[in-house]
Amino acid sequence: MICSDIQQNPDRLAREFYQQEVLTIAPLLLGKPLVRRLDDGTLLRLTINEVEAYRGEEDLACHARFGRTARNSVMYQQGGVVYMYLIYGMYWMLNVVTGSHDFPEAILIRGAGAYNGPGKLAKALALDKSFYGEDLATSERLWIEDAPTVGYYKTTPRIGIGYAAKEWRDIHWRFTL
DNA sequence: AAGGTGATACCA
DNA sequence: GGTATCACCTTG
């Protein structure tokens, strides 16, 4: 009998978890293990320690602020899938889509384990465009496991969004351990 | 303080 | 088609 990861990893976060509101989920991800299985079978397990929330077309820092495009269309799917995009020609960003169908929101994973900075993290985990749309609830190569909710965390403004209007630049939607 | 690097999303 | 714009990281 072939066992799936779902059976081997009962602690994997289920789809229902990701369908909550993005600002509910963002702090809950802190302290949870991000797990990547490489092609050779190696398991990398890193504790998430920094995330940012992006929510809706009215959020002028969010990639969906101009509406739906080919790049951001996965943000409009129901929560639990992955949004990947390339920035500055070099770095892949790992984002977790949250919420319900047709409402664009996602969480950027900015740090996990010893890796600070989303570019370094994605590189360390060998993540690229092939993970666009990956289903975290069923994927054999990328998922997040449950862990106790952390008691304390810090909130600050989001990074690298100088193009957004002040009210969106200043909002504390970055969560760090 | 500045440059590398390329997909995306506009404009024409 | 051309081109401006980046949720970054490294080097000096």
Side-chain angles (χ1 to χ4, degrees), chain A residues 13 18 20-36 44 46-100 102-136 139 142-144 150 153-177:
Chain A
L13 293 172
Y18 298 103
Q20 303 173 84
E21 210 268 7
V22 68
L23 292 176
T24 300
I25 300 176
L28 294 180
L29 287 182
L30 297 174
K32 296 207 180 348
L34 173 66
V35 187
R36 163 83 165 105
L44 301 174
L46 303 175
T47 301
I48 297 171
N49 55 39
E50 179 182 355
V51 301
E52 283 177 3
Y54 291 86
R55 185 179 73 179
E57 296 178 351
E58 70 275 14
D59 174 3
L60 296 182
C62 180
H63 280 180
R65 64 192 179 281
F66 299 129
R68 195 176 197 137
T69 66
R71 178 171 74 152
N72 68 25
S73 65
V74 76
M75 293 183 77
Y76 289 76
Q77 290 188 26
Q78 66 175 357
V81 296
V82 167
Y83 171 39
M84 299 292 301
Y85 66 89
L86 188 69
I87 193 66
Y88 300 124
M90 299 182 198
Y91 301 106
W92 289 99
M93 304 284 109
L94 169 63
N95 298 255
V96 175
V97 175
T98 63
S100 50
D102 281 339
F103 189 82
E105 52 181 42
I107 297 169
L108 170 64
I109 310 296
R110 292 189 51 88
Y115 299 99
N116 59 309
K120 279 191 288 187
L121 174 63
K123 187 177 179 198
L125 294 179
L127 300 173
D128 56 29
K129 182 161 192 178
S130 74
F131 285 82
Y132 188 92
E134 190 86 1
D135 188 345
L136 293 171
S139 173
L142 185 66
W143 63 91
I144 300 173
V150 300
Y153 57 86
K154 190 161 63 175
T155 67
T156 53
R158 294 171 289 182
I159 302 295
I161 54 162
Y163 54 82
K166 189 176 190 319
E167 64 171 309
W168 295 102
R169 267 187 287 131
D170 293 347
I171 195 164
H172 282 38
W173 282 1
R174 175 171 176 241
F175 304 83
T176 54
L177 276 183

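Naming convention: chains lettered A, B, ... in sequence-line order (proteins, then strands); numbering from 1 in each chain. Nothing here was measured: the structure is a model prediction, and the numbers come from that model.
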Query raised in the report: So, are A:Asp59 and A:Arg55 salt-bridged, with charged N and O less than 4.0 Å apart?
Result: no
Report summary line: dist A:Leu125:CG -> A:Leu34:CG (nearest 0.5 Å) comes out at 5.5 Å
**Report entry** Minimum heavy-atom distance A:Ile161-A:Ala61, with the two atoms named
**Finding:** CD1-CB, 3.6 Å
Query raised in the report: How does protein contact run along nucleotides 2-12 of chain C, one letter per nucleotide 5' to 3', with B for base contact, S for sugar-phosphate only, - for none, heavy atoms under 4.0 Å?
Result: ----BBBSS--
Report summary line: Applying side chain to side chain contact (heavy atoms under 4.5 Å, CB included) to A:Arg68 and not counting sequence neighbours gives A:Asn72, A:Ser73, A:Tyr76, A:Asp102
**Report entry** Qualifying side chain to side chain donor-acceptor pair (under 3.5 Å) pairs, either residue in residues 84-98 of chain A, two or more places apart
**Finding:** A:Thr98-A:Glu105
Query raised in the report: Does A:Leu127 reach the side chain of A:Leu142, with side-chain heavy atoms less than 4.5 Å apart?
Result: yes
Query raised in the report: Among all residues two or more places apart in sequence or in another chain, which pass the ring pair (Phe, Tyr, Trp, His ring centres under 6.0 Å) test with A:Phe175?
Result: A:Tyr153
Query raised in the report: Which two nucleotides bound the region of DNA chain B that has atoms under 4.0 Å from heavy atoms of chain A, read 5' to 3'?
Result: B:dG4 to B:dC10
Query raised in the report: In terms of side-chain heavy atoms, does A:Glu134 have a donor or acceptor partner in A:Ser139 at a distance below 3.5 Å?
Result: yes
Report summary line: Pairs under 3.5 Å (Watson-Crick or G-U), crossing ones as [ ], inter-strand ones as |: DNA chain B comes out as ||||.||||||.
Report summary line: Relative to its sugar, using the 90° cut-off around 0, the base of B:dA7 is anti
Query raised in the report: Looking at A:Glu52 and A:Arg110, does any basic side-chain N land under 4.0 Å from a carboxylate oxygen?
Result: yes
**Report entry** NZ on A:Lys32 to CG on A:Leu46, rounded to 0.5 Å
**Finding:** 15.5 Å
